[in-house]
Amino acid sequence: PINDHVRIVEVGPRDGLQNEKQTIPLDTKIELVERLARTGLQTIEAGSFVSPKWTPQMANSSEILNHVLNHPPPSALPVTYQFLLPNEKGLDNFLDVYSAHALHEVKSSSSSSQAPNTEPSGPTGSSTSPPTIELSIFTAATETFTQKNTNCSIAESLQRFTPLIARARSHNLRVRAYISVALGCPYEGPDVDPHAVAALAVNLLEMGADTISIADTTGMGTAPRTRELLKTLAAAGVDMGDLALHFHDTYGQALVNAVVGLEAGVREFDAAVAGLGGCPFSPGATGNVATEDVVRLFESLGLRTGVDMEELASAGEWVSRELGRANESRAGKATLAR
Ligand code: HMG
Ligand code: MG
């Protein structure tokens, strides 16, 4: 029987904001994260530990991590926050905040039934305890994009991940790995080899990644090519339950591609509220598929998202105004106009 629950990974606070030119105040970022957490979204990518020279907008992600660790999720439901990082330097900066908090938790929770642990363990999510934290790492399906985005080859990016994943595991942190430009590259064109994507996915899973997010960074993906890519992944032995799909709506194909993914058995999808985003290293690419649109689609198909559409649409309209940009979600705008 088809599982009727889909997991939406809200990437607005990270993927959606990282490309904004004007510096967004920390308070606005934190308010966005909190508003999103109140909608019933289970997973929110809240920031990234990348080089501030490369992506200045994400420079205060330590403070966002610190905030979410010190404030229980604003909803009664458990929330997972993800943080993106490219290398061990990013992990060091992440752990400076995370480990300090975890050690403090261990010391202060004398009533805890858990056995004391030499390594700080990941906090478990509930409305009364800190949220669950997960990490995400990223490489890409083409050499040119990998160089432009992370200043290294694909092979070098994998070498960076080996120690990174091992250290994440020692802290009981789940790791998801993005494969960018999987359905089209701004430098190498639309014909990205699906076998190369599948080989990379297999490699990342064998290295210990928990989930692979297949990203159509440019929005060049079409329904037939999405279907072909998912078939190629399955033929390479990748379980659809280990995949997420990350669509951009540049050419208006994101929702149809999502349906292709659903039909193939994928149950995890990335989206950004109000369709925020646009990759700094992918010229011309527009935003991520809007979370409101994805929620509307999934609910119309009888799938459960757990998201309150009114709350989500309000959050989308609020952040669009804060950023002075158009709300790119059709479903969000229509919901508010009712
Ligand atoms: P590099 O310049 O080659 O780094 O950048 P390096 O190792 O040579 O180090 C140079 C300096 O940067 C050193 O400092 C390092 O300490 C520092 P210095 O000695 O000169 O003072 N440094 C760092 N500082 C903070 N955090 C770090 C870090 N690493 C090194 N993590 C690097 C290589 C990978 C760091 C850089 O290219 C980078 O940060 N790239 C990330 C770019 C980015 O943010 N891209 C967007 C995210 S991916 C994406 O959006 C696609 C996705 O959403 C999917 C989709 O939408 O389709 C996932
Ligand atoms: Mg994206």
Side-chain angles (χ1 to χ4, degrees), residues 8-20 45-62 65 82-97 135-142 145-154 156-161 163-164 167 175-187 192 197 200 204 209 211-221 226 244-250 254 257-258 269-291 294 328:
I8 296 174
V9 176
E10 167 61 52
V11 296
R14 195 277 303 170
D15 199 358
L17 299 187
Q18 68 186 6
N19 197 34
E20 288 294 316
E45 195 161 74
S48 66
F49 289 83
V50 295
S51 162
K53 287 194 189 108
W54 286 61
T55 310
Q57 189 65 259
M58 292 287 104
N60 48 13
S61 291
S62 287
L65 173 61
Q82 264 175 212
F83 287 85
L84 181 86
L85 36 91
N87 55 14
E88 283 197 274
K89 173 75 184 167
L91 183 65
D92 292 339
N93 292 346
F94 165 86
L95 288 174
D96 281 349
V97 178
L135 299 179
S136 46
I137 57 180
F138 57 106
T139 184
T142 70
F145 191 84
T146 310
Q147 287 290 351
K148 299 268 186 194
N149 198 28
T150 47
N151 203 23
C152 68
S153 67
I154 297 171
E156 283 163 345
S157 74
L158 297 181
Q159 280 163 24
R160 290 177 183 176
F161 296 157
L164 210 168
R167 288 177 61 197
V175 178
R176 110 199 279 251
Y178 289 98
I179 302 178
S180 296
V181 300
L183 285 159
C185 174
Y187 310 104
V192 175
V197 177
L200 205 44
L204 288 161
T211 304
I212 309 296
S213 178
I214 303 285
D216 181 16
T217 313
T218 59
M220 288 180 200
T226 302
L245 289 168
H246 178 117
F247 291 117
H248 281 243
D249 210 22
T250 319
N257 293 341
F269 293 84
D270 303 352
V273 71
L276 296 178
C279 179
F281 305 99
S282 180
T286 62
N288 294 270
V289 64
T291 315
V294 164
E328 299 290 349

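Start at 1 and go down the list; that is how both ligands and their atoms are numbered. Please read all numbers here as calculations on a predicted model, not as lab measurements.
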In terms of heavy-atom contacts, Val192 and Cys185 come closest through CG2-N, 3.9 Å
Is Phe49 close to ligand 1, meaning an N/O of one under 3.5 Å from an N/O of the other?
yes
Find the distance between CE (Met58) and CG (Leu84) and round it off to the nearest 0.5 Å.
9.5 Å
Check whether any N or O atom of Asn87, backbone or side chain, sits under 3.5 Å from an N or O atom of ligand 1, and answer yes or no.
yes
Which atoms of ligand 1 are found less than 4.0 Å from any heavy atom of Lys53?
20 (O)
Can you tell me if Ser180 has a non-hydrogen atom under 4.0 Å from ligand 1?
yes
Interatomic spacing from CZ in Phe83 to CG in Leu91 - rounded to 0.5 Å:
13.0 Å
NZ/NE/NH1/NH2 to OD/OE distance under 4.0 Å, Arg14 and Asp270
no
Output the list of atoms in ligand 1 that are nearer than 4.0 Å to some heavy atom of Leu84, sorted by atom number.
47 (C)
Looking at ligand 1, does any of its N/O atoms fall within less than 3.5 Å of an N/O of His248?
yes
Name all residues meeting the side-chain contact (heavy atoms from CB on, under 4.5 Å) criterion together with Ala177; count only those two or more places apart in sequence or in a different chain, and write none if there are none.
Ile137, Leu204, Ala209, Ile212
Quick check: does any side chain N or O of Asp92 sit under 3.5 Å from a backbone N or O of Asp96, one acting as donor and the other as acceptor?
no
Taking the side chain as C-beta and beyond, is there a heavy-atom pair between Phe161 and Thr139 under 4.5 Å?
yes
Among Asp15, Val50, Asn149, closest by any non-hydrogen atom to atom 40 (N) of ligand 1:
Asn149
Under 4.0 Å from a heavy atom of Asn93: which atoms of ligand 1 are those, numbered in the order shown and with their elements?
25 (C), 26 (N)
Would you please classify the geometry between the Phe94 ring and the Phe49 ring as parallel, tilted or perpendicular, with 30° and 60° separating the classes?
perpendicular
Backbone or side-chain N or O of Arg160 under 3.5 Å from ligand 1 N or O:
no
Can you list the atoms of ligand 1 that are under 4.0 Å from a heavy atom of Ala215?
54 (C), 55 (C), 57 (O)
Say whether Ser48 and Gln18, considering side chains only, have a donor N or O and an acceptor N or O under 3.5 Å apart.
no
If the cut-off is 4.0 Å to any non-hydrogen atom of Asn151, which atoms of ligand 1 fall inside it?
1 (P), 3 (O)
Contact (N/O only, under 3.5 Å) between Ser51 and ligand 1
yes
Does some non-hydrogen atom of Val181 fall short of 4.0 Å from ligand 1?
no
If we ignore hydrogens and angles and just use 3.5 Å, is the side chain of Asp249 paired with the main-chain N or O of Ala254 as donor and acceptor?
yes
Using the side-chain contact (heavy atoms from CB on, under 4.5 Å) criterion, which residues pair with Glu20? Sequence neighbours excluded.
Gln22, Ile24, Gln57, Leu323, Arg325
Which one holds for Thr217 and ligand 1: side chain close, backbone close, both close, or neither close, with close meaning a heavy atom under 4.0 Å?
both
May I ask you to determine how many protein N/O/S atoms are under 2.8 Å from the Mg ion (ligand 2)?
4
Treating Ser180 as the side-chain partner and Ala140 as the backbone partner, does any N or O pair qualify as donor plus acceptor under 3.5 Å?
no
Any idea which atoms of ligand 1 are less than 4.0 Å away from a heavy-atom of Pro86?
31 (N), 34 (C)
Could you tell me the separation between the CG atom of Leu183 and the CE atom of Met220, rounded to the nearest 0.5 Å?
10.5 Å
Below 4.0 Å from ligand 1: does a non-hydrogen atom of Leu85 turn up there or not?
no
When you measure from the heavy atoms of Pro52 to every atom of ligand 1, does any distance fall below 4.0 Å?
yes
Hey, is Met58 one of the residues with a heavy atom under 4.0 angstrom from ligand 1?
no
Is there a donor-acceptor pair under 3.5 Å between the side chain of Asn288 and the backbone N or O of Val11?
no
Can you list the ligand 1 atoms lying under 4.0 Å from a non-hydrogen atom of Tyr178?
58 (C)
Out of His246, Arg14, Gln57, who gets a non-hydrogen atom closest to atom 53 (O) of ligand 1?
Arg14
Nearest heavy-atom contact between Arg160 and Asn87 is CD-CB, 4.3 Å
Using ring-ring contact (aromatic ring centres under 6.0 Å, His included) as the criterion, list what pairs up with Tyr178, not counting sequence neighbours.
His246
